[in-house]
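What follows is a single structure, written as C-alpha cells, with notes after it.
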Amino acid sequence: MKKSILFLLLFITKISFATSPVDYDWSEKPNRTTLSEEEKKLSALTVLDTRIFNFIIDENKEECIETQHKIIRVNDDKALDRENKVFIPMRGVKDILEIKARAIAPDGKVTLLDKNNIKEIDNLENYGQFKIFAVEGAVPGSDIEYYYKVRKNLMQYGVEFFQAENKVRDLNFYLIAPKQFEFEVQTYNGLPKAAESEKDGLRTLHVNTKNLAPAIEEEYAANRSNLAKIAFKLSYLNKDGMRSPRLNTWDNITSRYSEILTTNRKKIDFKDIFKSLKIKKIKSEEDKIIAIENYIKKNIAYKEGMGENLSEVADVLEQKYADDLGIAKLYVAFFKELEIPFEIVLSTSRYRARFDENFEDYSNIDKMLFYFSKYDKFISPERIDYRLGIAPADLGGNYGLFIAGSDEGKVKKINPSKDDQSLVRLEIDVEFDKEMEYITMNKFRQTTGHRANSMRFNLAYVNEEGRQQLEQWLFTSGIEEAEILESSLENKDIELSAKPATPFITKASVKAPSLLEKAGNAFLFKVGLAIGTQSELYQETERVQPIDFEYAKVYNHFIRFDIPKGYKIENLDDVKIEKYLKEDGKITAQFVSSYDRRGDSVEIRIVEFYKKSQYPKDLYEDFRSVINAAADFNKVTFVLEKI
C-alpha cells in the first residue's frame with residue numbers, strides 16, 4: 001500500500017491563532033571546533049545537529065517553518081567525501097527562506113557557499129525532489145557547516161531520524177507551536193523525553209542529548225527500526241478554555257479507511273466473474289477466499305498513480321489494472337458481496353519501524369493486509385509471492401491496526417509464523433563411484449512456508465536465465481563442479497502456497513566430484529558440504545542491537561551412505577555437534593547433528609530450528625553459536641582409509 005491511500009486520510013483543521021518564527025540563526029563569526037583526544041580519532045564528528053519545527057497559524061497562514069543547522073568535523077578523506085555534499089529534501093516545501101553553508105579549514109580560512117552552485121534534482125533515487133550542493137573549500141580537518149530554513153505546508157505529524165555514520169556531540173530538537181495547538185512528541189531508541197516549556201503564548205517541546213552514538217549496521221538486526229528517532233503529532237486543539245477530543249487517533253483512521261474502502265460510485269457486476277470461478281460450486285468459505293485472491297493476482301495489474309479510473313472498482317474490473325487503493329477496494333467489494341467476514345490490517349515492515357500501539361504515528365502505515373480470524377490467516381494484496389496463509393515475514397511480529405468495521409479498530413500484534421510452518425526437509429542418499437572418482441547424491445527436498453512461497457514466485461516470474469540459475473542452485477546447493485544428472489520439481493504452482501499441507505518439492509540426482517578428494521592412499525569425503533553452503537556470523541565488536549531475522553524455521557536434514565568396501569572411517573564422531581539457545585530453561589534455537597551406524601550403513605541426522613525470529617541481544621553469543629554450528633558442519637570431512 002503506497003502513500004496514495006494514506007494521503008486520503010489527512011485533513012487540516014483551520015483555526016486562527018497568531019505567532020511568529022523563532023529567530024534562530026548560526027553565528028556570523030565561525031569558530032573552529034576543539035576536539036577531545038577521543039574525538040580526534042574519529043573519521044568524523046557531528047558537532048551540532050539542531051532541528052526546529054515552528055508552527056505558524058493565523059487567519060492567512062497555516063504553515064510550518066523548518067530549520068536545520070549542522071556542524072560536522074571531517075577528520076579524513078573518507079569523511080570529507082561523504083559529508084561535503086548536502087541534500088535538502090523539497091517534499092512539502094512551499095518556499096526556501098535561507099540556504100547557507102561554509103567550510104572552516106584547519107588554518108581558519110572560511111569558504112562560503114556560492115548559491116549559484118545549488119542544483120535541483122527532480123527525483124533522487126525515487127525519494128522525490130532535492131536541492132543539492134557541495135561545500136567548497138573543505139579539506140580533512142575542516143568544519144563543514146550548513147543551515148537552511150524552509151516554509152512548509154502545515155504538518156499534523158512527522159518523524160525525524162538522528163543516527164547516521166557519525167557520533168553526535170550535541171543534538172537538539174524543538175517543536176514550537178501556539179499553546180492552543182497541543183502537539184505530542186515521542187522519542188525512541190535511547191533519546192530522552194521531551195522537556196516542555198511555555199512563554200508568550202508558545203509551547204515548546206525540546207529534546208536534547210549529548211554524545212549520541214553512531215548507527216551501527218549489524219547482521220540479523222532491524223537496523224533502521226533501531227535508530228534514534230523522534231515522532232510528533234498534533235493531538236488536541238484548545239480554544240476558549242475548551243479542549244477538543246483527541247485528534248489523529250486510531251479511531252480516526254478506522255472510520256476513514258472503512259469509508260474509503262467501501263465507497264464506490266458505480267455499480268459493480270460480479271456475475272460473469274463468479275460464473276467463471278464457479279463460485280456457487282465452491283462449498284468452503286476458505287476456498288472462496290483462495291479463488292478470489294487467485295483471480296485478482298492473475299488478472300489485475302498494478303499501475304502506479306492516482307485517479308478515479310484506477311481506484312473505482314467497476315473501472316478496475318473493466319480495464320484490468322488498478323492503483324494500490326483500487327486493488328484494496330476490489331478485495332473489499334468481493335468479500336462483502338460474498339458476505340465473508342474479514343479485517344483490514346494497517347502496519348509497516350518491522351525492519352522499517354516498530355508500530356507503536358501507544359502513539360498514533362501515521363507514517364508507520366504503508367502496508368495493508370486482510371485478516372480472516374476464523375482461519376487465523378492473512379492475504380497481502382500487494383505481494384504476488386504470498387497467498388492466503390501466513391503474513392509476509394517482515395510484517396509478522398510487528399503490531400498493526402486491525403479494522404473490523406467502521407468503528408471497530410484495535411491495535412494488535414500480527415502473529416508471526418511458527419517454526420513448523422516454514423520447514424525444510426532434505427534427504428541425501430550418497431553413492432560412491434567404484435573408481436572413487438566422484439560421488440552421486442540423490443537429493444529429495446521439501447519446503448513449506450516463506451521459502452516455498454519465494455521459490456514458487458521466482459520460478460513463475462523470473463526470466464529463463466534466472467529460472468535456470470535458480471534451478472541450478474536448488475539442485476546443487478552451490479556445490480562446485482556439480483553436474484545435474486536428473487531433476488524434477490513438484491508442486492511449484494504459486495497458487496499452492498495457499499495449501500500449507502502441500503510442500504514445494506525438488507528431486508535431483510547430482511554428480512559431485514568436488515566432494516571426494518584423493519589424499520595419498522586415503523580419500524577425503526567432504527560430507528559437510530552436501531547440505532550446501534551455510535552462513536557464518538562473526539562480529540568482533542560488542543553486540544548493540546537485539547537479534548531480528550526473517551522468520552522462525554525448522555531444518556531436518558538426513559545424509560545416508562554406505563562406507564565403500566575395503567575402506568574404514570575413524571572420525572565419524574566429527575559430525576557430533578550440539579549448540580543450544582535456551583530461554584527460561586527452554587530450548588528456543590538449536591543445531592544438533594548426530595549419526596547412527598549399522599554395519600557399514602551410516603545415517604547422519606541434523607535438526608536445526610529457531611522457534612522465534614527475535615531474541616534479546618544478551619543471548620547473542622548463544623544465537624551466534626547456533627548459526628555458526630551449521631558452518632562448522634560444512635567443514636566436516638571424513639577420511640576414508642583402506643583397510
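Keep in mind that what you see is a predicted model, and the values were worked out from it rather than measured.
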Walk me through it: do Leu395 and Phe355 pass the test side-chain contact (heavy atoms from CB on, under 4.5 Å)?
CA-CA 10 Å; Leu395 295 177; Phe355 193 97; over 6 Å; no
Pairs involving residues 414-423, ordered by first then second residue, that meet salt bridge (Lys or Arg N to Asp or Glu O under 4.0 Å) (sequence neighbours left out)
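Found Asp419-Lys611.
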Please collect all salt bridge (Lys or Arg N to Asp or Glu O under 4.0 Å) contacts where either partner lies in residues 444-465, sequence neighbours excluded, each pair once.
Glu464-Arg467
Once the angle between the rings of Tyr371 and Phe378 is folded into 0 to 90°, is it parallel (under 30°), tilted (30 to 60°) or perpendicular (over 60°)?
tilted
More than 12 non-hydrogen atoms from neighbouring residues, nucleotides or ligands closer than 6.0 Å to [atom1] on [X], yes or no?
{"X": "Lys280", "atom1": "NZ", "value": "no"}
{"X": "Lys492", "atom1": "NZ", "value": "no"}
{"X": "Lys507", "atom1": "NZ", "value": "no"}
{"X": "Glu318", "atom1": "CD", "value": "no"}
{"X": "Lys412", "atom1": "NZ", "value": "yes"}

Pi-cation contact, [Y] with [X] (under 6.0 Å, within 45°):
{"X": "Lys229", "Y": "Tyr188", "result": "yes"}
{"X": "Arg383", "Y": "Phe457", "result": "no"}
{"X": "Lys553", "Y": "Tyr551", "result": "yes"}

Step by step, would you call Arg387 with Asn453 a side-chain contact (heavy atoms from CB on, under 4.5 Å)?
CA-CA 8 Å; Arg387 291 297 189 268; Asn453 290 351; over 6 Å; no
Can you tell me how far the [atom1] atom of [X] sits from the [atom2] atom of [Y], to the nearest 0.5 Å?
{"X": "Phe370", "Y": "Ser380", "atom1": "CZ", "atom2": "OG", "value": "9.5 Å"}
{"X": "Ile121", "Y": "Met90", "atom1": "CD1", "atom2": "CE", "value": "11.5 Å"}
{"X": "Asn294", "Y": "Ile289", "atom1": "CG", "atom2": "CD1", "value": "12.0 Å"}
{"X": "Ile390", "Y": "Asp376", "atom1": "CD1", "atom2": "CG", "value": "11.5 Å"}

Does the side chain of [Y] come within less than 4.5 Å of [X]'s, by heavy atoms?
{"X": "Leu154", "Y": "Glu63", "result": "no"}
{"X": "Tyr148", "Y": "Glu66", "result": "yes"}
{"X": "Asn223", "Y": "Glu217", "result": "yes"}
{"X": "Phe270", "Y": "Leu317", "result": "yes"}

Donor-acceptor pairs under 3.5 Å, side chain of residues 327-339 to any protein atom, not counting sequence neighbours: which ones?
residue	atom	partner	partner atom	Å
Lys329	NZ	Thr263	O	2.7
Lys329	NZ	Ser311	O	3.4

Phe623 ring center near Tyr220 ring center (under 6.0 Å):
yes
Mind checking whether Phe53 and Phe173 have ring centres under 6.0 Å apart?
yes
Heavy-atom pair of closest approach, residues [X] and [Y]:
{"X": "Phe504", "Y": "Asn491", "answer": "CD1-O, 3.7 Å"}
{"X": "Asn248", "Y": "Lys233", "answer": "O-CE, 3.4 Å"}
{"X": "Thr254", "Y": "Ser258", "answer": "O-OG, 2.8 Å"}

Is it true that Glu160 and Arg51 make a salt bridge, defined as a side-chain N closer than 4.0 Å to a carboxylate O?
yes
Electrostatic pair Arg256:Glu259 at N-O distance under 4.0 angstrom
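Looking at Arg256 and Glu259, the cut-off is met.
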Name all residues meeting the salt bridge (charged side-chain N to carboxylate O under 4.0 Å, His left out) criterion together with Lys499; count only those two or more places apart in sequence or in a different chain, and write none if there are none.
Asp287
Listed partners of Asp269 passing side-chain hydrogen bond (donor to acceptor under 3.5 Å, both in side chains), at least two apart
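In terms of side-chain hydrogen bond (donor to acceptor under 3.5 Å, both in side chains), with neighbours along the sequence ignored, Asp269 is linked to no residue.
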For Glu219, which residues count as a side-chain hydrogen bond (donor to acceptor under 3.5 Å, both in side chains) partner, sequence neighbours excluded?
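side-chain hydrogen bond (donor to acceptor under 3.5 Å, both in side chains) check on Glu219 returns nothing, list empty.
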Evaluate the criterion side-chain contact (heavy atoms from CB on, under 4.5 Å) for residue pair Leu346 and Ile253; output intermediate values, then yes/no.
CA-CA 10 Å; Leu346 306 176; Ile253 294 182; 3.6 Å; yes
Please report the C-alpha distance between Glu184 and Gln186 in whole Å, then the side-chain angles of each, then the deciding distance to 0.1 Å, and finally whether the side chain to side chain donor-acceptor pair (under 3.5 Å) criterion is met.
CA-CA 7 Å; Glu184 289 181 287; Gln186 182 67 45; over 6 Å; no
Show your reasoning for whether side chain to side chain donor-acceptor pair (under 3.5 Å) applies to Asn364 and Arg354.
CA-CA 8 Å; Asn364 284 347; Arg354 292 186 180 85; over 6 Å; no
Tell me, with the steps shown, if Asn189 and Gln545 meet side-chain contact (heavy atoms from CB on, under 4.5 Å).
CA-CA 10 Å; Asn189 300 321; Gln545 303 179 71; over 6 Å; no
